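Below you'll find the structure, written out as structure tokens, and then a few comments.
All values derive from a computational prediction rather than experimental measurement.
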Amino acid sequence: MSRPDLLEQIYTIVDQIPAGRVTTYGRIAAMTEGATPRMVGTAMRKLPEGNTLPWHRVVSATRRVADHGGAQRQMEKLREEGIVVDAHRRIPTHLFWP
DNA sequence: ACTATGACTAACT
DNA sequence: AAGTTAGCCATAG
């Protein structure tokens with residue numbers, strides 16, 4: 001499988017995360033054929049500004065919103081769909097998908 | 001071709 | 001419990 005295929009797989013999986021739930025870079029990587037968590041992060045970073053993909057529902061394995069330029073915007077989007085992020089940017093365990 | 005850098009993680013201290 | 005380290009590999013310069 002080529003790298004472009006992996007990218008497509010990553011985006012397909014992210015698109016399937018239900019509203020109000022989240023998952024991790026590592027879990028997404030594990031659902032593909034050979035992608036690494038870093039590649040998933042890279043894929044999210046490449047997304048254009050106005051995309052429809054629910055990229056904000058992807059968090060780190062430590063259950064925290066990853067540290068990046070749009071972290072603030074990500075938390076805002078999460079709050080919009082009812083996901084409460086605590087003062088340490090952490091997500092409640094029961095909201096994880098699958 | 002080579003180095004540096006990251007929206008990562010699991011394993012150790 | 002909180003840092004550090006070693007792997008990771010696509011991108012960018």
Side-chain angles (χ1 to χ4, degrees):
Chain A
M1 296 303 263
S2 67
R3 296 304 165 185
D5 280 345
L6 287 180
L7 239 197
E8 196 172 331
Q9 289 178 23
I10 291 170
Y11 288 141
T12 299
I13 292 165
V14 171
D15 198 38
Q16 290 174 346
I17 306 173
R21 316 279 316 268
V22 298
T23 192
T24 70
Y25 299 93
R27 294 266 266 294
I28 292 170
M31 295 180 205
T32 68
E33 306 175 355
T36 66
R38 273 214 186 293
M39 290 189 211
V40 177
T42 300
M44 296 303 102
R45 191 178 47 183
K46 287 198 299 196
L47 288 172
E49 191 50 47
N51 70 61
T52 57
L53 216 66
W55 52 269
H56 55 283
R57 310 211 260 249
V58 185
V59 300
S60 66
T62 56
R63 305 189 345 246
R64 303 177 7 69
V65 173
D67 192 9
H68 64 98
Q72 198 59 29
R73 195 155 32 94
Q74 179 174 7
M75 301 202 331
E76 184 181 345
K77 281 196 163 268
L78 288 173
R79 214 173 22 210
E80 280 174 12
E81 54 184 65
I83 297 178
V84 178
V85 184
D86 72 18
H88 302 316
R89 304 195 321 213
R90 195 173 303 219
I91 310 292
T93 313
H94 71 283
L95 294 179
F96 279 72
W97 173 85

Exercise. When you list every nucleotide of DNA chain B with an atom under 4.0 Å from a heavy atom of chain A, which one comes first 5' to 3', and which comes last?
Worked result: B:dG6 to B:dA10
Exercise. What about A:Leu78 and A:Trp55, same hydrophobic cluster or not, with Ile/Leu/Val/Met/Phe/Trp/Tyr joined at side-chain heavy-atom distances under 4.5 Å?
Worked result: no
Exercise. Sequence neighbours excluded, which residues qualify as side chain to side chain contact (heavy atoms under 4.5 Å, CB included) partners of A:Arg38?
Worked result: A:Thr36
Exercise. So among A:Val84, A:Thr62, A:Val85, which one has a side chain to side chain contact (heavy atoms under 4.5 Å, CB included) with A:Ile91?
Worked result: A:Val85
Exercise. With no hydrogens and no angle check, is any side-chain donor or acceptor of A:Gln9 less than 3.5 Å from a backbone partner on A:Met31?
Worked result: no
Problem set entry | Donor-acceptor contact present, side-chain A:Arg21 to main-chain A:Phe96, <3.5 Å | yes
Problem set entry | P gap between C:dG7 and B:dA7, integer Å | 22 Å
Exercise. Linking I/L/V/M/F/W/Y whenever any side-chain heavy atoms sit under 4.5 Å apart, do A:Ile13 and A:Val22 land together?
Worked result: no
Problem set entry | Main-chain N/O of A:Trp97 paired with A:Thr23 side-chain donor or acceptor, under 3.5 Å | yes
Kindly give the atom pairs (protein nitrogen or oxygen, nucleotide nitrogen or oxygen) under 3.5 Å for nucleotides 1-4 of chain C.
none

Exercise. Atom CG of A:Leu7 and atom P of C:dA10: how far apart are they, to the nearest Å?
Worked result: 10 Å
Seminar exercise, completed: Residues of residues 84-98 of chain A with a heavy atom under 4.0 Å from any atom of DNA chain C, listed by number, are none
Listing time: all N or O pairs from protein to nucleotides 5-9 of chain C that are below 3.5 Å?
unit_1	atom_1	unit_2	atom_2	d
C:dC8	O2	A:Arg38	NE	2.9

Exercise. If two hydrophobic side chains count as joined below 4.5 Å and joins carry through other members, does A:Ile17 share a cluster with A:Leu7?
Worked result: yes
For this session: Compare all side-chain heavy atoms of A:Arg89 with those of A:Val59 and state whether any distance is below 4.5 angstrom.
Result: no
Exercise. Are the side chain of A:Tyr11 and the backbone N or O of A:Ala43 linked by a donor-acceptor pair below 3.5 Å?
Worked result: yes
Exercise. By side chain to side chain contact (heavy atoms under 4.5 Å, CB included), which residues pair with A:Glu76, not counting sequence neighbours?
Worked result: A:Arg79, A:Glu80
Exercise. So with a 6.0 Å cut-off around CD of A:Gln16, is the heavy-atom count from everything else above 12?
Worked result: yes
Exercise. Would you find more than 12 non-hydrogen atoms of other residues, nucleotides or ligands less than 6.0 Å from A:Glu8 atom CD?
Worked result: no
For this session: For A:Thr62, answer base if it contacts any base atom (sugar-phosphate contacts may also be present), sugar-phosphate if it contacts only those atoms, and nothing otherwise; contact means non-hydrogen atoms under 4.0 Å.
Result: nothing
